Amino acid sequence: MSLRSNVARSAESSLVQVLPTGKALGAEVCNVDLRSFDDWAFASFMRALLKHQVLLVRGQRLGERDISAFSRRFGHADLIYTSPGTTFGDRLSFCSLYAAYDALSPALRSRVAHLKIRHLTTDTSDDGRRTTTAGPVHPLVGIHADTGRSMLALGQRRHSSVVGLAGCESDALLDDLWQLAERPEFSWAHSCEPGDLVVWDTRCTIHRHEAPDMPRLLHSPPLWNAMPTA
């Protein structure tokens, strides 16, 4: 377990006020100014992030340097900040891959326990030609390095396949797993307002980012080969 994780677990929870969404994931951190976070306050924030997977902080006035300094303190996390004066904020939705794994039937849990998923990468050259090459392979079930909890590790649905399964069988299994992961009871959504900062743990969430011109649905841990198997 990392030193950062140990510090996060030992911090007093009272350093930040956390209000859970009541969903499978997500919480709001209240009455804080992220620019003034010391190490203990940040450790408490990290403790909340590990527990709730996604955190919302409202009313922030952050410059580029503030955002850069804050984001550098994280490992496997991503964030979006909506600056004051923004007319239309993005809509974000998240799904818990812990909850999806916990909801697997015993038979399906046994089936996916030792399977691996392969991703294909597509590149487009300057002349418009597209080439597809084999991408990373990682376990379909992983263990979160900081919490020790089992979770599905789905990657991106497009151009993905389960190693060792025929195409139709692989597609059917992945479609079932994605449908399970996106069930409403495992999800939480937020429409960003000016001053909102949203942080999420990329290892154990699927996120949909609906910007005005670019909807995306992703589960994207930064280092697939760093994820231990269950």
Side-chain angles (χ1 to χ4, degrees), residues 1-2 4-62 66-67 69-84 89-103 143-152 181-210 217-222:
M1 186 176 294
S2 67
R4 178 176 294 173
S5 178
N6 284 333
V7 171
R9 281 173 167 78
S10 64
E12 292 293 334
S13 60
S14 60
L15 289 176
V16 296
Q17 182 185 1
V18 180
L19 299 178
T21 62
K23 305 290 187 179
L25 74 171
E28 181 177 349
V29 176
C30 305
N31 304 319
V32 298
D33 183 346
L34 297 178
R35 295 171 298 182
S36 63
F37 260 26
D38 59 18
D39 289 343
W40 285 107
F42 182 77
S44 185
F45 188 91
M46 279 297 301
R47 184 171 181 264
L49 181 61
L50 290 173
K51 180 177 181 180
H52 298 287
Q53 304 175 254
V54 186
L55 296 180
L56 163 66
V57 191
R58 302 181 191 269
Q60 302 301 298
R61 301 190 68 86
L62 306 175
D66 300 318
I67 297 170
F70 187 66
S71 63
R72 283 198 301 268
R73 305 178 82 167
F74 292 98
H76 301 277
D78 204 351
L79 62 83
I80 284 180
Y81 173 63
T82 306
S83 59
D90 297 348
R91 180 171 174 81
L92 305 173
S93 58
F94 302 90
C95 305
S96 171
L97 292 171
Y98 291 147
Y101 176 81
D102 291 343
I143 297 176
H144 195 288
D146 289 316
T147 67
R149 295 185 62 182
S150 296
M151 58 191 175
L152 291 177
E182 293 184 273
R183 277 163 49 174
E185 60 265 37
F186 304 150
S187 306
W188 174 71
H190 175 69
S191 295
C192 295
E193 299 180 356
D196 285 357
L197 183 136
V198 180
V199 183
W200 63 95
D201 188 333
T202 59
R203 295 167 291 183
C204 54
T205 58
I206 296 169
H207 74 275
R208 185 189 297 274
H209 176 196
E210 297 180 7
L217 178 63
L218 301 169
H219 171 218
S220 51

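Residue indices begin at 1 and follow the sequence shown. It should be emphasised that the depicted structure is a prediction, and the values quoted were computed from it without experimental measurement.
When atom types are taken as modelled, the side chain of Gln60 and the backbone of Val32 share a donor-acceptor pair closer than 3.5 angstrom. When atom types are taken as modelled, the side chain of Glu182 and the backbone of Cys95 share no donor-acceptor pair closer than 3.5 angstrom. Within the 3.5 Å criterion, the main-chain N or O of Leu25 finds no donor-acceptor partner in the side chain of Tyr98. Side-chain atoms of Ser44 do not come within 3.5 Å of backbone N or O of Ala41 as any donor-acceptor pair.
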Steps toward side-chain contact (heavy atoms from CB on, under 4.5 Å) verdict (Asp90, His209): CA-CA 7 Å; Asp90 297 348; His209 176 196; 2.6 Å; yes
With side-chain contact (heavy atoms from CB on, under 4.5 Å) as the test, would you mind laying out the steps for His190 and Leu56 before giving the verdict? CA-CA 9 Å; His190 175 69; Leu56 163 66; 3.6 Å; yes
Show your reasoning for whether side-chain contact (heavy atoms from CB on, under 4.5 Å) applies to Val16 and Phe37. CA-CA 10 Å; Val16 296; Phe37 260 26; 3.9 Å; yes
Would you please test His52 and Asp201 for side-chain hydrogen bond (donor to acceptor under 3.5 Å, both in side chains) and show each step? CA-CA 9 Å; His52 298 287; Asp201 188 333; over 6 Å; no
Tell me, with the steps shown, if Leu34 and Asp66 meet side-chain contact (heavy atoms from CB on, under 4.5 Å). CA-CA 8 Å; Leu34 297 178; Asp66 300 318; over 6 Å; no
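At most 12 heavy atoms of other shown residues, nucleotides or ligands fall within 6.0 angstrom of atom CZ in Arg61.
Remark: the Asp78 side chain and the His207 side chain contain no N/O donor-acceptor pair separated by less than 3.5 Å. Checking His76 against Asp146 by side-chain atom types alone, no donor-acceptor pair falls below 3.5 Å.
The distance from the CG atom of Leu49 to the CG atom of Leu79 is 10.5 Å, given to the nearest 0.5 Å. Taking OG of Ser83 as the reference point, atom CG of Leu197 lies at 11.5 Å (rounded to 0.5 Å). A distance of 5.0 Å separates OG of Ser150 from CD1 of Ile143, quoted to the nearest 0.5 Å. From Leu62, atom CG reaches atom CZ of Arg35 across 6.5 Å, with rounding to the nearest 0.5 Å. Note that the CG atom of Leu50 and the CZ atom of Arg149 stand 11.0 Å from one another [nearest 0.5 Å].
Contact record, Pro194 with Pro84: CB-CA, 3.8 Å, taken as the closest heavy-atom pair. Taking both residues in full, the closest heavy atoms of Asp196 and Ser191 are given as OD2-O, 4.2 Å, listed atom of the first, atom of the second, then distance. Of all heavy-atom pairs spanning Thr21 and Ala27, the tightest one is CG2-N, 3.7 Å. When every heavy atom of Val54 is checked against every heavy atom of Thr205, the shortest pair comes out as CG2-CG2, 4.2 Å. The nearest pair of heavy atoms linking Leu19 to Cys30 is CD1-SG, 3.4 Å. Between Ala100 and Leu152, the shortest heavy-atom contact is CB-CD1, 3.9 Å.
Residues Phe45 and Val199 form a side-chain contact, since some pair of their non-hydrogen atoms from C-beta on lies under 4.5 Å apart. The side-chain heavy atoms of Ser96 and Gln53, taken from C-beta on, include a pair separated by under 4.5 Å.
Ion pairing between Asp39 and Arg73 holds under the 4.0 Å rule for side-chain N and carboxylate O.
Between Phe94 and Phe186, the ring center distance fails the sub-6.0 Å criterion.
The aromatic rings of Phe70 and Phe74 sit perpendicular to each other, their planes meeting at more than 60°, with 30° as the lower class boundary.
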